[in-house]
Protein chains: 2
Amino acid sequence: MSIKGIFPIDNWDFNSESVLTDLPEKDLQLLMFHQSRQQYKKGEIIFREGAYPSGIFLIEEGKVKKYKTDKHGKEHIIYVANRGELIGYHAILSEDRFPDSAAALEECLVAFIPREDFITAVRESEVLSKRLLKTLSHEFTVLANSLTLLAHKSVRERLAMQLVIIREKYKVNFQPGMPVEINMGRDDLASLVGTARENVVRILSEFKEEGILETRGRKIIITDVQKLIAIAND
Amino acid sequence: MSIKGIFPIDNWDFNSESVLTDLPEKDLQLLMFHQSRQQYKKGEIIFREGAYPSGIFLIEEGKVKKYKTDKHGKEHIIYVANRGELIGYHAILSEDRFPDSAAALEECLVAFIPREDFITAVRESEVLSKRLLKTLSHEFTVLANSLTLLAHKSVRERLAMQLVIIREKYKVNFQPGMPVEINMGRDDLASLVGTARENVVRILSEFKEEGILETRGRKIIITDVQKLIAIAND
DNA sequence: GAAAAAAGGTGATAAAACTCACTTTTTGGG
DNA sequence: CCCAAAAAGTGAGTTTTATCACCTTTTTTC
């Protein structure tokens, strides 16, 4: 049974770096032995920053935001994880508590893998541990990039960039050829970009003026990705 | 990297050990087999962003900045690595090019370990690969923290925080009891905080007014760490 | 140890971003 | 299908941050 077989949906998009892609059958079974599925409604919290991890989570359907909340309750989204991605494993590997929280951005189906099974799988499977090393290093790079982005780009440029990135993630929900709709609250978009909602809304209007995108209610349809990329790159 | 997860700066643990601490003798020998030492003068580049990695580096003496340079030549420091730390291994593990550059912040002694030796050591040594997984997860957490910091804190707060962090790193250069001198150019400090030199200088003067620190030329001596921590935490 | 170069420091001004108070539109449950 | 609640969107005023042009001090080099 391939990885595609054990999941509810068949047309998996694995161009993203899923840790589990092509994992040997026996390793996968080790990992999924005591797995249990759970449904999360939009906004529901999957795990909380600072909690001790009892296992890891595999997103089988939907999108999840990873975020941190500061003292004033303001939340900052670090990353949007998509279908096929594994989350919560940093805490287990670093033998520490969750560094961030995770919540469903939309209706989600998530598999829970107990701590012990994950640890066993990492110990037993050379492929998995090598894959994890690679993924972690890669994630690190991506995060380091965001860091410089935040530090040196204007809000306008950052929003442009995040729109491009987010659009890729929403592609998964649509047939090829169909226009991709980004369906994300302005507040979430703002905390992803690292600014206030008002700024996001304003710049979104500017982009609309400039013929870069259209909005249909909360939904955003990007019509000129190239222009956005140009803005993002200065 | 050396900072323990969760937010408030006063429970961060700065003295985490190197990846190599207590590594079994045979693993260490595997790693250090073809090692070669080199001296770097202040400002000299150890490796460049975008280059293909031919090995990794162990800092035996001195401090190294890891940074990225944007299109306009502006540089942003991601991390300051200290004596005992291993750098440049992300690129090898992610099988990609260097995501950032590294340069000596002061006179440095650095050991170069060839790519093949590192790969062999990771494959052969379970301790090393486990240690790397842990370190990487931890580094990820630290970086995620910086990200939220940049996103939600003012320049003043960010500078306060970085001063506290940097001070810890300069401790290794001084005897216990002796006042710790931060000996870092204002430009470097600015690109660590993510702002312009002028702002750093100005806020530094404010801090001096408020009795938080003293300057002796370029050197900064912090006299009231607690106050800085208070500012950093809002 | 003097001259040159590099780094540190200051003030004024412009631009970007944030905040608050408010209106309009969208959404989802009864 | 309607209504209340939530989310989106707008405008004005304030604060923060960036930039420029310049001077002063420190460091380096010969």
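Proteins come first, then strands; the chains are lettered A, B, ... in the order of their sequence lines, and each starts at number 1.
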Pick the nucleotide of DNA chain C nearest each of A/Lys219 and B/Gly217; which residue has the one closer to the 5' end?
B/Gly217
Can you check the A/Lys42 NZ to D/dA6 P distance for me, whole Å?
13 Å
Where is the tightest heavy-atom contact between A/Arg97 and A/Gly50, given as atom of each residue plus distance?
CD-O, 2.9 Å
Using the side-chain heavy atoms of A/Arg218, tell me which of these nucleotides is nearest: D/dG9, C/dT27, C/dA7.
C/dT27
Matching residue for A/Lys208 among A/Ile203, A/Ile220, A/Thr223, A/Thr215 - test: side chain to side chain contact (heavy atoms under 4.5 Å, CB included):
A/Thr215
Protein and nucleotides 17-21 of chain C: nitrogen or oxygen contacts under 3.5 angstrom:
{"residue": "C/dA17", "atom": "OP1", "partner": "A/Val155", "partner atom": "N", "Å": "2.9"}
{"residue": "C/dC18", "atom": "OP2", "partner": "A/Thr195", "partner atom": "OG1", "Å": "2.3"}
{"residue": "C/dC18", "atom": "OP2", "partner": "A/Asn199", "partner atom": "ND2", "Å": "2.7"}
{"residue": "C/dT19", "atom": "O4", "partner": "A/Arg202", "partner atom": "NH2", "Å": "3.1"}
{"residue": "C/dC20", "atom": "N4", "partner": "A/Glu198", "partner atom": "OE2", "Å": "2.8"}

Rounded to whole Å, how long is the line connecting atom CD of A/Glu157 with atom C1' of D/dA18?
13 Å
Nucleotide C/dG29, atom P - distance to NZ of A/Lys41 in whole Å:
10 Å
Under 4.0 angstrom between B/Arg186 side-chain N/O and C/dG9 OP1 or OP2:
yes
Name the one of A/Val200, A/Ile231, A/Leu228 that satisfies side chain to side chain contact (heavy atoms under 4.5 Å, CB included) with A/Leu163?
A/Leu228
Testing B/Lys219, B/Glu106, B/Arg218 for side chain to side chain donor-acceptor pair (under 3.5 Å) with B/Asn183, which one passes?
B/Arg218
Nearest whole Å is fine: how far is D/dA7 C1' from A/Asp187 CG?
8 Å
Atom-to-atom span, CD of A/Glu206 to C1' of D/dA8 - whole angstrom:
16 Å
Residue pairs involving residues 167-219 of chain B (criterion ring pair (Phe, Tyr, Trp, His ring centres under 6.0 Å); sequence neighbours excluded)
none
Rounded to whole Å, CZ of A/Arg216 lies from C1' of C/dT25 at a distance of 16 Å
Provide, to the nearest angstrom, the distance between the CE atom belonging to B/Met184 and the P atom belonging to C/dA6.
20 Å
Whole angstrom value for the distance that separates P of C/dT26 from CD of A/Glu181:
14 Å
Is the terminal nitrogen or CZ of B/Lys169 (NZ for Lys, CZ for Arg) located under 6.0 angstrom from the six-membered ring centre of B/Tyr79 and within 45° of that ring's axis?
yes
Indicate whether OP1 or OP2 belonging to D/dT10 is found under 4.0 Å from a side-chain N or O atom of A/Ser205.
yes
Applying salt bridge (charged side-chain N to carboxylate O under 4.0 Å, His left out) to A/Lys171 and not counting sequence neighbours gives A/Glu168
